[in-house]
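For the single chain, residues carry numbers from 1 onward in sequence order.
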Amino acid sequence: MSYFNQNDYPDIKYDRPNTSKVETIATSGCGVCACCMVVDNLAGRELYSVAKMAKLALTCGARDNYGTNITTLLKAVCKANSGFSYTTTNDENALIRHLKAGGMAICNQGDSYNVFSTSGHFVVAYRMVGSNIDILDPQMYDGKYDAYDRPNRIVKKTKYGCVVTKSELAKATADRSPAYFLVSYKGGSPVAQYGNAKMKSAQSTYCDSNLEDKIGSVSKGERVLYLGTGEGRPMIAYKISNGYKVGFVKKDTIDRD
């Protein structure tokens, strides 16, 4: 899984237009980091570093006085990368259908209801966990989901964000339109067919190297793209119906070419 935290990038400039005030990804780049997470995870490889996405946002005019215009940035991403597309919606049921189909989404929290931030903030709807939604927060820090009334507004906190119910996400985005940017990917090299490794046996895939949070599975003999290891666990990318997934598998389950 690709995760980017804006707090890690205080040295990447991200100034507002027509101002002398110096701003950075750390102060204002939640939209940039959210877009990186969606694009790179759907592609199954790094298409954009934070620096590259920030440069695109500044070049295409997506940086505005409020943060990042996600519509403008996603249009630029889709124009530059065939296979990507997006739609918008204010309907949580449409968001859930999209996630179940393998897509990801950028969620637009407003100012009225504090779940992910005390003001406007972009987060990523990564996947479904049962009937709830796994959120990747590009501005995570210790104790974030222990503060304010957040413990009562989430299902649980995670390493990279939190899990929320549909109803709490709806409250968080109620004063924003569009509330959700649904991003899909149908392109690029078919990793499962033309990868550089194959599975020795059928394996579950997990979102982290602890092998605790299952995200999918691959079949015995299936071709995968070997991406290296994380804390001793192999990381692979493999094709699903409308894109790719990236996950960790057990050690010694892959034959390298």
Side-chain angles (χ1 to χ4, degrees), residues 1-5 33-49 81 83-84 95-106 123-138 140 155-164 182-257:
M1 181 187 70
S2 295
Y3 172 76
F4 300 97
N5 191 321
C33 290
C35 206
C36 277
M37 284 191 272
V38 168
V39 170
D40 287 4
N41 278 301
L42 287 177
R45 61 191 187 278
E46 184 181 291
L47 288 180
Y48 286 89
S49 64
N81 300 275
F84 279 96
L95 168 67
I96 288 171
R97 288 193 297 270
H98 178 72
L99 295 177
K100 287 182 176 179
M104 293 177 65
I106 298 174
V123 298
V124 172
Y126 176 48
R127 64 194 177 111
M128 297 300 297
V129 180
S131 61
N132 301 313
I133 301 158
D134 191 359
I135 296 293
L136 304 181
D137 186 346
M140 276 296 289
V155 176
K156 66 176 182 178
K157 56 185 177 181
T158 65
K159 182 177 180 180
Y160 301 112
C162 64
V163 175
V164 296
L182 312 181
V183 185
S184 300
Y185 181 62
K186 296 180 181 179
S189 300
V191 170
Q193 185 175 354
Y194 300 112
N196 66 349
K198 68 178 181 179
M199 302 304 299
K200 290 182 179 179
S201 59
Q203 292 293 325
S204 296
T205 57
Y206 299 83
C207 69
D208 60 36
S209 61
N210 293 325
L211 304 186
E212 293 179 349
D213 207 353
K214 183 178 177 180
I215 59 172
S217 61
V218 290
S219 302
K220 180 179 179 180
E222 183 174 352
R223 302 294 299 180
V224 298
L225 180 64
Y226 183 86
L227 301 175
T229 59
E231 299 178 9
R233 309 287 192 187
M235 177 180 279
I236 61 169
Y238 60 101
K239 190 170 176 60
I240 56 175
S241 61
N242 65 340
Y244 303 94
K245 279 193 174 182
V246 175
F248 291 92
V249 294
K250 294 180 181 178
K251 188 177 181 181
D252 301 323
T253 59
I254 299 173
D255 278 325
R256 295 284 306 277
D257 290 356

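Of all heavy-atom pairs between Asp137 and Met140, the closest is O-CG, 3.5 Å. Of all the heavy atoms in Ala125 and Leu95, the pair that sits closest is CB-CD1, 4.2 Å. The minimum heavy-atom distance between Ala197 and Ile254, with the atom names listed, is CB-CG2, 3.4 Å. Nearest heavy atoms, Val164 versus Ile135: CG2-CG1, 3.9 Å. Closest approach of Ala34 to Pro138, counting heavy atoms only: N-CB, 4.4 Å.
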Could you give me the CA-CA distance, side-chain angles and deciding distance for Ile133 and Met128, then say whether side-chain contact (heavy atoms from CB on, under 4.5 Å) is met?
CA-CA 5 Å; Ile133 301 158; Met128 297 300 297; 3.8 Å; yes
Please assess Gln203 against Thr205 for the test side-chain hydrogen bond (donor to acceptor under 3.5 Å, both in side chains), listing each intermediate value before the final yes or no.
CA-CA 6 Å; Gln203 292 293 325; Thr205 57; over 6 Å; no
Kindly determine whether Val39 and Asn81 satisfy side-chain contact (heavy atoms from CB on, under 4.5 Å), including the steps that lead there.
CA-CA 10 Å; Val39 170; Asn81 300 275; 5.7 Å; no
Going through the distances and angles, do Ile215 and Met1 end up as a side-chain contact (heavy atoms from CB on, under 4.5 Å)?
CA-CA 10 Å; Ile215 59 172; Met1 181 187 70; over 6 Å; no
Please determine whether side-chain contact (heavy atoms from CB on, under 4.5 Å) holds for the pair Leu47 and Phe84, giving the CA-CA distance in whole Å, both sets of side-chain angles, and the decisive distance to 0.1 Å.
CA-CA 12 Å; Leu47 288 180; Phe84 279 96; 3.6 Å; yes
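Annotation: the span from Phe248 atom CZ to Leu227 atom CG amounts to 9.5 Å, rounded to 0.5 Å. The distance from atom NZ of Lys251 to atom OG of Ser209, rounded to the nearest 0.5 Å, is 12.5 Å. Taken from CD in Glu222 to NZ in Lys198, the straight-line distance is 12.5 Å, to the nearest 0.5 Å. Rounded to the nearest 0.5 Å, atoms NE2 (His98) and CE (Met104) are 8.5 Å apart. The line from CG of Asn41 to OH of Tyr126 is 5.0 Å long, rounded to the nearest 0.5 Å.
The shortest distance between side-chain heavy atoms of Met199 and Ile236 falls below 4.5 Å. Lys159 places none of its side-chain heavy atoms less than 4.5 Å from the side chain of Asp208. Using a 4.5 Å heavy-atom cutoff, the side chains of Asp40 and Arg45 are not in contact. For the pair Val129/Val155, no side-chain contact is recorded, criterion being any heavy-atom separation below 4.5 Å from C-beta on. Counting heavy atoms from C-beta on, the side chains of Cys35 and Tyr48 never come closer than 4.5 Å. Residues Arg127 and Asp213 have side chains in contact (heavy-atom distance under 4.5 Å, counting atoms from C-beta outward).
Between the side chain of Asn196 and the backbone N or O of Tyr226, at least one donor-acceptor pair lies under 3.5 Å. Side-chain atoms of Lys214 do not come within 3.5 Å of backbone N or O of Ser204 as any donor-acceptor pair.
A search for ring pair (Phe, Tyr, Trp, His ring centres under 6.0 Å) contacts involving Tyr3 returns Tyr160, not counting sequence neighbours.
Heavy atoms of other residues, nucleotides or ligands lying less than 6.0 angstrom from NZ of Lys200 number more than 12.
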